Every structure is written in C-alpha cells, then in structure tokens.
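Notes follow the structure.
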There are 2 protein chains.
Amino acid sequence: MRTHAADGSLDELVELQLRRADLRYTEGRRRIVDMLASSEHPVSFAEMITSLPQVPKSSAYRHLMVLEGAGIIRRIAATDGFARFELSEVLTEHHHHLLCTSCGRVFDVTPSASFERTTARMVAELVDQFGFSPVSHSLDVVGHCADCQ
Amino acid sequence: MRTHAADGSLDELVELQLRRADLRYTEGRRRIVDMLASSEHPVSFAEMITSLPQVPKSSAYRHLMVLEGAGIIRRIAATDGFARFELSEVLTEHHHHLLCTSCGRVFDVTPSASFERTTARMVAELVDQFGFSPVSHSLDVVGHCADCQ
DNA sequence: AGTTGTAATGAGACTGGTTCTCATTCTATC
DNA sequence: GATAGAATGAGAACCAGTCTCATTACAACT
Ligand SMILES: [Mn+2]
Ligand SMILES: [Mn+2]
Ligand SMILES: [Zn+2]
Ligand SMILES: [Zn+2]
C-alpha cells in the first residue's frame, strides 16, 4: 500500500504526530515506518525483524506499541494467529483486506468511492441497534489467495 | 446469538457433522457446544474454562481445535489479542460483529436481507481484482460499546 | 460377551512469542 | 553544560497455547 502523502512529507507527518505525545521520531522507529511505507502488503513481526536486523527484538516490539498508540500504524489480526502491521489510514487511504487461510498472508484492496458510501450507510444501520459508537470499520474477505488455490 | 435450529436438533446436527469426520460427540465437546449455544455473545477461552470447570484446560484447547476443524465453531480475533468463539453460521445465522476497543467484548449484529445482498455484491467486486477465492466475509465495526462510552 | 483398533482424555512438561527489568545512553530544554 | 525525561538493548521472566504419554472410552467386529 503506497502512501498518498508525497514521499518527503510522510516523515514530517509522523514526526508531528509523535511530538504531539512527547515522543521522539528516532532511528529505530523511522526504520519501521519506512519499511511499512514501502511494503506492498501488511507485514508480520517475523518479516519485520528479518528485514531490519539492525533493530533489536525487544526494541522493535516497543516501537510497534508506541507507533500503534500514536495512531501511526495499525495492527491487523490475520488468520494464522500472527498480527500484521501497516501504516494507519490517516497516512495512506481507507481500504480493506483479503485474508488467506492457507498461507496467512493479508492483501490490501481499495474499494471505489461508491462502494464506501454504501458501506458507511450499512455501518450506521448496524450500530444504531446497539448504542455503539463506531470509530472504524473493516470489511475482510476470508478465503484463498491466487497462489494457494 | 441464538441458534435457529430447534433446541433438540442442534446436538443431532453437531453429532452428524462430527461423525462425518470419524469424530465423537463426547461429554467435554457437548459441554462446550451447549455453552456457546446459550451464550449471548462470543466467548473467550478464559470465560469458557471459568464457566466449565469440569473441562480440563488441555482438553478444552483440543476440543476447540476439533470443533473448529469440523466447522462447528468459529474463531474470532478480538482487539485484545484473545480469540473469541461462537457457533459457526451453519448452526446459527450469518451476522457481523461490533468490537469494543475499551473492554475487548464482541457483540453480534444481524443485518437485514437487503444489507447482505449489497455486501455480497461488494465482496465480489473486491475479490475480482485479485484472483482471490472467497469463503466468507466479515464486516466488523470497531469502536466503543454502550457500557464503555 | 469378548476382542481389537482407534479416538479421546488429562496431568504435566515444554515452547516460543511477547513483555518486563534495569542499567545505560540519548536528546530536548533551560 | 546541567537536568530531566525519553529511549535503548540484553537478557530474564512470563504465560497462552501446544505436546507428550500413559490411560480410558468407545465402536465395530466375531
Ligand atoms: Mn491494509
Ligand atoms: Mn458472532
Ligand atoms: Zn495464500
Ligand atoms: Zn466495551
């Protein structure tokens, strides 16, 4: 998932958002954000430390918690029990996921505008019955990816 | 979530489905199925062994795997990292979930028929772009429940 | 009823992903 | 450059979940 912010401005946006919470945009955190920004699909923790051997495990876990807490990244529960991570939608764009139950991978799919209008209406309908206050929604499709048929 | 099968027939349906895979519908498995059938919301493992102290932990985990494998129950990834379990949709009815990020609870919501027609159309649209073969979908709303506002 | 093969059970050991600890090192601000 | 709070990293600790293995229950046959 590409960012829709111009390449140069992503770092600035992240730094700003961290500053707001008295947090620093340090080397390790930058490495993780850059990695997620350039990844074609949501990334598992294992993939992450493999491709970023400079970042120690204990620190990487902490960075993920900090970045998630600051709303910079989002955690996705995949079908294999291992979470995946991606930039949050304020830094990319709203989209949905295809979850493969064979290999565990997660794929991004961006719906059309009319699609999203319909979804928003449906979410409102669901929530009304319950006094629930919605923050976000996710329409996940579970099945088998092209590689795993 | 109530079952739509008449009370008496649920056990028969489950037994049949297990038999098909040369599995037995034993005491412990029955306890878990009954518990899920009478529960108002998806149940975490902790809740489960608390309310079923007769079922040992190691057996309970195994029962859940067997029942999930046989398509009798479904595992839901909640926002707190702990899975929840419910009867699968062949035994209840298709529905969606409201996930509270404050308390971690999961609520069932049953959409209207027209709602589901629309959703099905949208899922087909998403999947086409990817050569992905869909098995099921889930439209989850993340936010705060009435208790946690 | 007895035999046999396979499924199921349960206590406890074990695993490995994740979190915690703590001593040390940065970094923003005064 | 002094100070305080944030960040770091190695390793210990934790604990949900899995595995092992000896035992028991069950179904299908003779
Ligand atoms: Mn995504
Ligand atoms: Mn449900
Ligand atoms: Zn796959
Ligand atoms: Zn709540």
Side-chain angles (χ1 to χ4, degrees), chain A residues 11-12 14-35 42-85 104 106, chain B residues 11-12 14-35 42-85 104 106:
Chain A
D11 275 356
E12 291 168 28
V14 172
E15 177 143 37
L16 208 85
Q17 199 152 341
L18 284 171
R19 274 272 129 69
R20 222 172 279 157
D22 278 309
L23 298 168
R24 297 169 194 161
Y25 194 25
T26 56
E27 184 66 16
R29 291 169 188 179
R30 192 179 306 270
R31 282 214 165 92
I32 287 174
V33 168
D34 288 351
M35 195 253 185
V43 180
S44 69
F45 184 78
E47 288 177 80
M48 188 138 96
I49 54 165
T50 299
S51 79
L52 297 178
Q54 315 93 339
V55 182
K57 262 182 16 171
S58 66
S59 299
Y61 275 113
R62 233 179 344 213
H63 294 327
L64 290 174
M65 303 246 275
V66 167
L67 293 170
E68 187 185 13
I72 291 159
I73 67 174
R74 170 162 70 141
R75 181 186 302 259
I76 300 163
T79 58
D80 60 3
F82 298 97
R84 302 293 196 284
F85 299 89
V106 179
Chain B
D11 275 356
E12 291 167 30
V14 172
E15 177 143 36
L16 207 84
Q17 199 151 342
L18 284 173
R19 274 273 129 70
R20 222 172 281 157
D22 279 307
L23 298 168
R24 297 171 192 159
Y25 194 26
T26 57
E27 184 66 17
R29 292 170 186 177
R30 193 178 306 270
R31 281 213 165 93
I32 287 174
V33 168
D34 289 350
M35 195 252 186
V43 180
S44 69
F45 184 78
E47 289 177 82
M48 189 140 95
I49 54 165
T50 300
S51 80
L52 296 178
Q54 315 95 338
V55 182
K57 258 184 18 172
S58 65
S59 299
Y61 275 115
R62 234 178 345 213
H63 294 326
L64 290 174
M65 303 245 276
V66 167
L67 293 170
E68 188 186 12
I72 290 159
I73 66 174
R74 170 162 70 143
R75 182 186 303 259
I76 300 163
T79 59
D80 60 3
F82 297 97
R84 302 293 195 284
F85 299 89
V106 179

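Everything quoted here is computed from the prediction, not taken from an experiment. Lettering of chains follows the sequences in order, A, B, ..., and the numbering in each one begins at 1.
Rounded to whole Å, atom C1' of dA16(D) lies 13 Å from atom CG of Asp80(B). When rounded to the nearest whole Å, the span between CD of Glu27(B) and P of dT9(C) equals 9 Å. Atom CD1 of Ile49(A) is separated from atom P of dA10(D) by 13 Å (rounded to the nearest Å). Regarding Arg30(A), its CZ atom lies at a distance of 12 Å from the P atom of dT8(D), rounded to whole Å. At whole-Å resolution of the value, CG in Leu64(A) and C1' in dG9(D) are 16 Å apart.
Taking side-chain N and O atoms only, His63(B) has no distance below 4.0 Å to OP1 or OP2 of dA8(C).
Two residues, Val55(B) and Asp22(B), neighbour DNA chain C, and the one matched to the more 5' nucleotide by heavy-atom proximity is Asp22(B).
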Quiz item: Tell me, for nucleotides 18-30 of chain C in 5' to 3' order, what letter each nucleotide earns: B for a base near a protein heavy atom under 4.0 Å, S for only sugar-phosphate near one, - for neither?
Solution: BBBB----BBS--
Exercise. Verify side-chain contact (heavy atoms from CB on, under 4.5 Å) between Leu16(B) and Glu12(B), making sure each step is shown before the conclusion.
Key: CA-CA 6 Å; Leu16(B) 207 84; Glu12(B) 291 167 30; over 6 Å; no
Self-check item: Met35(A)/Arg31(A) under side-chain contact (heavy atoms from CB on, under 4.5 Å): CA gap, chis, key distance, verdict
Solution: CA-CA 6 Å; Met35(A) 195 253 185; Arg31(A) 282 214 165 92; over 6 Å; no
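Applying the salt bridge (charged side-chain N to carboxylate O under 4.0 Å, His left out) test to Glu68(B) and every residue at least two apart in sequence or in another chain returns Arg75(B).
Residues Ala78(B) and Arg84(B) approach most closely at CB-NH1, 3.6 Å, considering heavy atoms.
Relative to the six-membered ring of Tyr25(B), Arg19(B) misses at least one condition, a distance below 6.0 Å or an angle of at most 45° to the axis.
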Donor-acceptor list for residues 48-65 of chain B side chains, cut-off 3.5 Å, not counting sequence neighbours:
from: Thr50(B); atom 1: OG1; to: Ala46(B); atom 2: O; distance (Å): 2.8
from: Ser51(B); atom 1: OG; to: Met48(B); atom 2: O; distance (Å): 3.4
from: His63(B); atom 1: ND1; to: Arg29(B); atom 2: NE; distance (Å): 3.4

